[in-house]
Amino acid sequence: MSEELLAALRTGLMKAKKDEALDATQRLLDDGVDPVVILQDGMAAAMLELGAMWTRGEVFLPEVVASATLFKKCNELVEPALMAQGSKRAAARVVLATVKGDLHDLGKNMVGAMLKTAGFEVIDLGKDVPTEKIVEAAKELQPQIIGLSALLTTTVPQQRVVIEALKAEGLYGPIKVMVGGAPVTQEWAEDIEAHGFAPDAPEAVQRALALTAAGVTA
Ligand code: B1M
């Protein structure tokens, strides 16, 4: 049953059918399906498939914008359930940003929500964030981790720019940098000397826990 509902959610999201997507999301939640499964196997999977359709010229920008808008509405339903899973108090602070020039924020938002559930304090600087603003936040907020998301091959190099700027200010090291986003790989993360890379939001939580060593206290 939940497989059918997940499929309905994916189809609803890809076709930007508001009622279908929201109804499927609500029914999955009512059935007690893990919100992480709804996010990953339903919502994120739909956007991945939509991206492939976009590449093949089967959908166009306005349709992708409509699906992305609906993604955020589905997320509003899922996030309270996700937060209700969290029972640990924050032991570490994470500053999150989508790098300069990049407007993709759905994945970053998912990472932020799951980090909060795991007990992290998350300060989200938003999308298209200039490097200077990230460095400023690092100085002011003294986070344990800075998380950088990038979805475009043209903006991924900004992750290196941020790391170099943090190094120049003596902030890199005490503050760990985690990178992610669809085109980002472990090899790239190592190349730019990021402390961590995660291919998806659940893995980002595991990396953040590892980077903060003791992680979260119960
Ligand atoms: Co854009 N877009 N887009 N887009 N878009 C891609 C990325 C693209 C691959 C689509 C395609 O062509 N098939 C392509 C990039 C090609 C390239 O770089 N070579 C592309 C393009 C070209 C563009 C524009 C240039 C299009 C145009 O205007 N002509 C434009 C650029 C705007 C800009 O940023 N300056 C653009 C615009 C948009 C929309 C605004 C319409 C919309 C974004 C809306 C929004 O985010 N609010 C959009 C969307 C939705 C996509 C696709 C279809 C889906 C992205 C998404 O939200 N996925 C995307 C196709 C694709 O990625 N295959 C595409 C769902 C999300 C949950 O997954 O973000 O990957 P993702 O996040 C995952 C992991 O990557 C990871 O965890 C998340 C959850 O598991 N993760 C992290 C992410 N950040 C992390 C950080 C971490 C750790 C893990 O640590 C800190």
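Counting starts at 1 for both ligands and their atoms, following the listed order. Residue indices begin at 1 and follow the sequence shown.
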Determine whether a donor-acceptor pair (N or O, by modelled atom type, separation under 3.5 Å) exists between the side chain of Ser67 and the backbone of Leu13. yes
Using side chain to side chain contact (heavy atoms under 4.5 Å, CB included) as the criterion, list what pairs up with Glu58, not counting sequence neighbours. Met53, Arg56
Can you name the side chain to side chain contact (heavy atoms under 4.5 Å, CB included) partners of Ala7, sequence neighbours left out? Arg10
Using the salt bridge (Lys or Arg N to Asp or Glu O under 4.0 Å) rule, take Lys15 and Glu20 through it: C-alpha gap first, then chi angles, then the decisive distance, then the call. CA-CA 9 Å; Lys15 294 188 173 169; Glu20 281 177 35; over 6 Å; no
Run the salt-bridge test on Lys133 and Glu136 with the 4.0 Å N-O cut-off and return the result as yes or no. no
Among residues two or more places apart or on two chains, list those pairs meeting side-chain hydrogen bond (donor to acceptor under 3.5 Å, both in side chains) that have a residue in residues 146-157. Asp102-Thr155
Quick check for students: name every N or O atom pair between ligand 1 and the protein closer than 3.5 Å, with distances.
unit_1: ligand 1; atom_1: 2 (N); unit_2: His104; atom_2: NE2; d: 3.2
unit_1: ligand 1; atom_1: 3 (N); unit_2: His104; atom_2: NE2; d: 3.1
unit_1: ligand 1; atom_1: 4 (N); unit_2: His104; atom_2: NE2; d: 2.8
unit_1: ligand 1; atom_1: 5 (N); unit_2: His104; atom_2: NE2; d: 3.1
unit_1: ligand 1; atom_1: 13 (N); unit_2: Gly51; atom_2: O; d: 3.0
unit_1: ligand 1; atom_1: 13 (N); unit_2: Thr55; atom_2: OG1; d: 2.5
unit_1: ligand 1; atom_1: 18 (O); unit_2: Thr153; atom_2: N; d: 2.8
unit_1: ligand 1; atom_1: 18 (O); unit_2: Thr153; atom_2: OG1; d: 3.2
unit_1: ligand 1; atom_1: 19 (N); unit_2: Thr153; atom_2: OG1; d: 3.1
unit_1: ligand 1; atom_1: 34 (O); unit_2: Leu103; atom_2: N; d: 2.6
unit_1: ligand 1; atom_1: 34 (O); unit_2: His104; atom_2: ND1; d: 3.4
unit_1: ligand 1; atom_1: 35 (N); unit_2: Gly101; atom_2: O; d: 3.0
unit_1: ligand 1; atom_1: 46 (O); unit_2: Asp105; atom_2: N; d: 2.8
unit_1: ligand 1; atom_1: 46 (O); unit_2: Asp105; atom_2: OD1; d: 3.3
unit_1: ligand 1; atom_1: 47 (N); unit_2: Asp105; atom_2: OD1; d: 2.7
unit_1: ligand 1; atom_1: 75 (O); unit_2: Ala182; atom_2: N; d: 3.3
unit_1: ligand 1; atom_1: 77 (O); unit_2: Ala201; atom_2: N; d: 3.4
unit_1: ligand 1; atom_1: 80 (O); unit_2: Gln40; atom_2: OE1; d: 2.9
unit_1: ligand 1; atom_1: 80 (O); unit_2: Ala201; atom_2: N; d: 3.2
unit_1: ligand 1; atom_1: 84 (N); unit_2: Ser149; atom_2: OG; d: 2.7

